Structures are given as structure tokens and as C-alpha cells.
Undergrad: 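Mind looking over this structure? Questions follow.
This is a predicted model, so every value here is computed, not measured. Positions are given from 1 along the sequence.
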Amino acid sequence: MSIQQSEVLYTAVATAENGRDGRVATNDGTLDFVVTPPKEMGGSGAGTNPEQLFAAGYSACFQQALVVVARQEKADITGSTVTAEVGLGKNDDGFGLIVKLSASIPNVDAATAKDLIEKAHQVCPYSKATRGNITVDLTV
């Protein structure tokens, strides 16, 4: 279900120059990065790239969704982490993404951890945005 403009709580604004070989910055100046293709794609790897930025955002968003779900389930996720691996590759339409989300939740058993990340995947805005568009693999 989509939200309406009147329901928006926050809007992030970033501007890119020269695509994958340039610069990206937020309007408030808190982020300002040189963007370069990774070495694996023939670039210098001297800057960040869109996949790293997406991985950073997705892992942070998913971790917060995990916090929300854990509160509801009364589960202790102290010390937990979420790592996002974002792969870029060729597909039928040119290029596409694939994501692996790995959660480490040291204070719960494996079955509880799996249940928590599956529930977090249902509430995370990044998961909702990518659902049906790219493969997202969840692991604990």
C-alpha cells in the first residue's frame, strides 16, 4: 500500500553529478561522496558506489525494522547487527540487483532469529520497495 504526499514524515534529497563516475551529495551537506565504479567493473574503486550506498541504507533500515519487531515480540536483540550485500549484475533488461541480508542476533535461538528477520522483512520500507522487483535472501 502506498503512502500519500500528505503522509510523508521526512524526505531525503540527494543530487548526483556524472553518474557512476562523479559525485553525490545531500542537500544538507551531511553526505558528500566521490562516486566511482568499483575495480570489479573497471573503475578505480577510489570512491564509493551506488551499491554501497544502497547496502548502507538497506542494512540500517532493516536493523530498525528488526528493533520494532523485537519490541513487539519482547525479544532481546541487544548486540544484533544486519549486513546487506548488494550485487549488481546483468539481466534480461540490462542490469539488476540482488540482495543478501544477514542478521546476527546473539541473544535468541536460531528459530526465533529466523522468525524475527522474516517479520522485519514484512515491515522494513526498503523490503517493501524491493518486494517483487529483486531477489532478497534472508539469513541468520
Side-chain angles (χ1 to χ4, degrees):
M1 181 173 179
S2 61
I3 63 172
Q4 301 301 313
Q5 186 62 37
S6 62
E7 299 169 316
V8 173
L9 301 174
Y10 170 74
T11 299
V13 179
T15 301
E17 299 170 3
N18 296 324
R20 289 183 168 274
D21 203 2
R23 179 177 163 262
V24 64
T26 55
N27 65 324
D28 63 4
T30 59
L31 256 154
D32 191 342
F33 291 119
V34 170
V35 181
T36 59
K39 290 181 181 180
E40 297 84 350
M41 294 178 63
S44 69
T48 191
N49 61 65
E51 291 69 39
Q52 289 173 323
L53 295 170
F54 185 70
Y58 203 162
S59 64
C61 188
F62 197 89
Q63 175 71 33
Q64 187 59 42
L66 185 60
V67 167
V68 169
V69 168
R71 265 193 224 126
Q72 293 169 345
E73 300 291 320
K74 296 181 178 25
D76 179 9
I77 63 163
T78 304
S80 66
T81 61
V82 173
T83 300
E85 297 176 42
V86 176
L88 173 69
K90 291 187 177 187
N91 65 12
D92 295 339
D93 297 338
F95 289 91
L97 299 175
I98 187 168
V99 174
K100 178 181 178 184
L101 294 173
S102 303
S104 172
I105 312 172
N107 295 327
V108 300
D109 60 62
T112 301
K114 183 170 175 46
D115 182 59
L116 289 171
I117 66 166
E118 287 175 0
K119 288 178 178 173
H121 191 49
Q122 296 307 307
V123 300
C124 173
Y126 276 58
S127 292
K128 289 179 181 181
T130 59
R131 190 166 290 121
N133 298 312
I134 64 173
T135 299
V136 177
D137 181 36
L138 304 174
T139 63
V140 288

Undergrad: Between I105 and I117, is a side chain to side chain contact (heavy atoms under 4.5 Å, CB included) present by the stated rule, with each step listed?
TA: CA-CA 10 Å; I105 312 172; I117 66 166; 4.1 Å; yes
Undergrad: Given 3.5 Å as the limit, does a donor-acceptor pair link the side chain of Q52 with the main chain of N49, or not?
TA: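 Yes; judged by distance alone, with no hydrogens or angles, the pair exists.
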Undergrad: Quick one: closest heavy-atom pair of A65 and A120, and the distance?
TA: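 Here A65 and A120 meet closest at CB-O, 3.7 Å.
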Undergrad: Rounded to the nearest 0.5 Å, how far does OG of S44 lie from CG of D21?
TA: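 The distance works out to 7.0 Å.
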Undergrad: How many angstroms lie between CG in L9 and CD in E7, if you round to the nearest 0.5 Å?
TA: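 So the gap between those two atoms works out to 9.0 Å.
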Undergrad: Check whether any side-chain heavy atom of V99 lies under 4.5 Å from a side-chain heavy atom of Y126, and answer yes or no.
TA: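 SC-SC contact between V99 and Y126 ruled out.
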Undergrad: Distance check, rounded to the nearest 0.5 Å: I77 atom CD1 versus T112 atom OG1?
TA: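 I77 atom CD1 to T112 atom OG1 measures 12.5 Å (nearest 0.5 Å).
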Undergrad: Donor-acceptor pairs under 3.5 angstrom involving side-chain atoms of residues 133-140: please list them, not counting sequence neighbours.
TA:
unit_1, atom_1, unit_2, atom_2, d
N133, ND2, A129, O, 3.0
T139, OG1, S102, OG, 3.0

Undergrad: Could you report the tightest heavy-atom contact between T78 and P106, atom names first, then the distance?
TA: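 Here T78 and P106 meet closest at O-CG, 3.7 Å.
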Undergrad: Is it the case that one hydrophobic cluster holds both L53 and V82, taking links as side-chain heavy atoms less than 4.5 Å apart, direct or via other members?
TA: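 No; tracing contacts between hydrophobic side chains, which count when under 4.5 Å, never links both residues.
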Undergrad: Taking all heavy atoms of L116 and all of A70, pick out the closest pair and write down the distance.
TA: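 For L116 and A70, the tightest heavy-atom pair comes out as CD2-CA, 4.2 Å.
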Undergrad: Determine, using the 4.5 Å side-chain heavy-atom cutoff (strictly less than), whether V68 and F62 are members of one ILVMFWY cluster.
TA: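 Cluster IDs for V68 and F62 differ.
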Undergrad: Answer with yes or no whether the hydrophobic clustering places I98 together with V86; edges join I, L, V, M, F, W, Y residues whose side-chain heavy atoms lie under 4.5 Å apart.
TA: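 No; tracing contacts between hydrophobic side chains, which count when under 4.5 Å, never links both residues.
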Undergrad: What are the two closest non-hydrogen atoms of L97 and E51, and how far apart are they?
TA: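 Minimum heavy-atom separation between L97 and E51: CD2-CG, 4.1 Å.
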Undergrad: Let me check something: any side-chain donor-acceptor pairs from residues 31-38 under 3.5 Å, sequence neighbours excluded? List them with distances.
TA:
unit_1, atom_1, unit_2, atom_2, d
D32, OD1, R23, NE, 2.8
D32, OD1, R23, NH2, 3.4
D32, OD2, R23, NH2, 3.0
T36, OG1, A46, N, 3.3
T36, OG1, G47, N, 2.8

Undergrad: Is there a path from Y58 to V69 through hydrophobic residues (I, L, V, M, F, W, Y) whose side chains come within less than 4.5 Å of each other?
TA: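 Y58 clusters together with V69.
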Undergrad: Minimum heavy-atom separation for K119 to E73, with atom names?
TA: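 Closest approach of K119 to E73: NZ-OE2, 3.1 Å.
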Undergrad: Can you find a heavy atom in the side chain of T15 that is under 4.5 Å from one in the side chain of N27?
TA: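 No; the side chains remain at least 4.5 Å from each other.
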Undergrad: Mind listing the closest non-hydrogen atom pair of N91 and D93 along with its distance?
TA: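 Heavy atoms only, the tightest pair is OD1-N, 2.9 Å.
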